[in-house]
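Keep in mind that the numbers below use all heavy atoms, side chains included, and drop hydrogens, waters and symmetry copies. In the text below, chain A, chain B and the rest are named by the order of the sequence lines, each starting its count at 1.
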Protein chains: 2
Amino acid sequence: MSDLLERLRGRGWRLTAQRRVVAEVLNGDHVHYTADEVHAKAAELLPEISRATVYNTLGELVSLGEIMEVSTDGRAKRYDPNAHHAHQHLVCSQCGTIRDVHPTGDLLAVLPAEERFGFQVAAVEVTYRGMCPNCSAA
Amino acid sequence: MSDLLERLRGRGWRLTAQRRVVAEVLNGDHVHYTADEVHAKAAELLPEISRATVYNTLGELVSLGEIMEVSTDGRAKRYDPNAHHAHQHLVCSQCGTIRDVHPTGDLLAVLPAEERFGFQVAAVEVTYRGMCPNCSAA
DNA sequence: ATCTTGACTTAGACATTGTCTAATGTAAGA
DNA sequence: TCTTACATTAGACAATGTCTAAGTCAAGAT
């Protein structure tokens, strides 16, 4: 993630303070913040950053394939910096905690040709749902 | 779907005109309307029906397991009356068309125990994405 | 058949999430 | 240092969903 800014500069991005702090906030594994969470955390580092800039920057990072958009709850979209390693998500039905997980096998292969209706199927998103250890205990 | 109202009455539901038309709108296969689409179609049958009632009724039907909530685009949730037959969704990346599909095998089994992090995994939702025949042709 | 009552519906305010615009600011090459 | 195209800002606006208080009505009781 640290070379993200370099990659982006190579693509013609201007390296502004705002884009730096958004990248900083998204640094790390198992990060699944909403846009407004990103904005709140970015504002701790750069108080005058606006919501619009955060939304713009997240949208651009998604277009560039640097982060993934995840919507596991039908509410706010979340942003997952772990976009360079294929993975799926495991979500707690109670508290909403999200874990990155790695199912085995070819998830596309289990959809038979006669169930494709002429689509050119390109991608699969899987959400596993269940109770996390914390919520099970409570 | 026609005996849906009977089932609901058995559960203590009052059979109001509003609930009848919502059930009527959701009748059929391959139906994936948003709440506001349901409201618009219901209002053709019962002009004075309010948005709140449609939202309430849809929420109740979801709680009762009679319909499924689907959010394939991070925008409005869609409601799928085909809740009694396990299935997944195939979505056109271009036009958003949704098809019900039936992958083979056990979708839960491909998540190894060491990738479950102590969760009691109960359900899987899969979204296949690709281009539909219409959009491919265009 | 009518009455009664608690569940249901309504309009519209409000909340959340996301998008857009016009004015201003600034990174980076000249 | 200057220039300028790109980026940022505040806030209006849009889309979707939730909530409340007042009125309505389905269905059991009489």
Side-chain angles (χ1 to χ4, degrees), chain A residues 4-25 32-43 45-64 66-80 96, chain B residues 4-25 32-43 45-64 66-80 96:
Chain A
L4 167 61
L5 293 172
E6 282 313 307
R7 270 206 304 285
L8 294 176
R9 201 165 56 155
R11 300 220 208 189
W13 260 37
R14 282 203 191 160
L15 292 194
T16 65
Q18 291 81 353
R19 286 169 170 179
R20 278 179 216 277
V21 300
V22 169
E24 173 67 22
V25 167
H32 300 97
Y33 295 140
T34 65
D36 276 346
E37 284 168 355
V38 173
H39 178 238
K41 288 171 193 297
L45 303 170
L46 184 69
E48 68 275 24
I49 193 171
S50 73
R51 270 181 5 111
T53 293
V54 171
Y55 275 91
N56 287 341
T57 303
L58 291 171
E60 290 156 0
L61 289 170
V62 169
S63 296
L64 294 175
E66 296 289 347
I67 64 178
M68 281 177 52
E69 227 172 45
V70 180
S71 44
T72 52
D73 64 351
R75 318 232 348 178
K77 292 174 190 162
R78 292 177 174 275
Y79 293 90
D80 184 337
Chain B
L4 167 61
L5 292 171
E6 283 312 307
R7 271 207 303 286
L8 295 175
R9 200 163 58 151
R11 302 218 206 190
W13 260 37
R14 284 203 190 161
L15 290 195
T16 65
Q18 290 83 354
R19 286 169 171 179
R20 278 179 218 277
V21 298
V22 169
E24 173 66 22
V25 167
H32 300 98
Y33 294 141
T34 65
D36 276 345
E37 284 168 355
V38 172
H39 178 238
K41 288 170 193 297
L45 303 170
L46 185 67
E48 69 274 25
I49 193 172
S50 73
R51 269 178 10 108
T53 292
V54 171
Y55 275 90
N56 286 342
T57 304
L58 290 172
E60 290 156 359
L61 289 170
V62 170
S63 296
L64 294 175
E66 296 289 347
I67 64 178
M68 281 178 50
E69 226 171 46
V70 180
S71 43
T72 52
D73 64 352
R75 316 225 1 168
K77 293 174 191 164
R78 292 178 174 276
Y79 294 90
D80 185 337

Please determine if a side-chain N or O atom of [X] lies less than 4.0 Å away from the OP1 or OP2 oxygen of [N].
{"X": "B:Q18", "N": "D:dC25", "value": "no"}
{"X": "A:Y55", "N": "C:dT19", "value": "no"}
{"X": "B:T16", "N": "C:dA7", "value": "no"}

Which part of the nucleic acid, if any, lies within reach of [X] when heavy atoms closer than 4.0 Å are counted: base, sugar-phosphate only, or nothing?
{"X": "A:R19", "result": "sugar-phosphate"}
{"X": "B:T53", "result": "base"}
{"X": "B:A76", "result": "sugar-phosphate"}
{"X": "B:S50", "result": "base"}

Figure out the [atom1]/[atom2] separation between [X] and [N], and round it to whole Å.
{"X": "A:H39", "N": "C:dT17", "atom1": "NE2", "atom2": "P", "value": "14 Å"}
{"X": "B:K77", "N": "D:dA15", "atom1": "NZ", "atom2": "P", "value": "19 Å"}
{"X": "B:I49", "N": "C:dC8", "atom1": "CD1", "atom2": "P", "value": "14 Å"}
{"X": "A:N56", "N": "C:dC20", "atom1": "CG", "atom2": "P", "value": "10 Å"}
{"X": "B:R75", "N": "C:dG18", "atom1": "CZ", "atom2": "C1'", "value": "8 Å"}
{"X": "A:L5", "N": "C:dA28", "atom1": "CG", "atom2": "P", "value": "11 Å"}
{"X": "A:R51", "N": "C:dT17", "atom1": "CZ", "atom2": "P", "value": "10 Å"}
{"X": "B:L58", "N": "D:dG17", "atom1": "CG", "atom2": "P", "value": "10 Å"}

Check A:R11 with A:E66, please: is the shortest side-chain N to carboxylate O separation under 4.0 Å?
yes

What one should report as the nearest heavy-atom pair of A:T34 and A:Y79 is C-CD1, 4.5 Å

Quick one: are A:L58 and A:V62 in side-chain contact, heavy atoms under 4.5 Å?
no

On DNA chain C, compare the nucleotides closest to B:W13 and A:Y79; which residue's is nearer the 5' end?
B:W13

Ranking B:R78 and B:R20 by the position along DNA chain D of their nearest nucleotide, the one closer to 5' is B:R78

For B:A52 and for B:A17, find the nucleotide of DNA chain D with the closest heavy atom, then tell me which residue's nucleotide is more 5'.
B:A52

To the nearest 0.5 Å, atom CD of B:Q18 lies from atom CD of B:E48 at 7.0 Å

Looking only at N and O atoms, is any donor in the side chain of B:R14 or the base of C:dG6 less than 3.5 Å from an acceptor on the other one?
yes

When you look at B:V22 and B:R19, which way does the side-chain contact (heavy atoms from CB on, under 4.5 Å) test go after all the steps?
CA-CA 5 Å; B:V22 169; B:R19 286 169 171 179; 5.7 Å; no

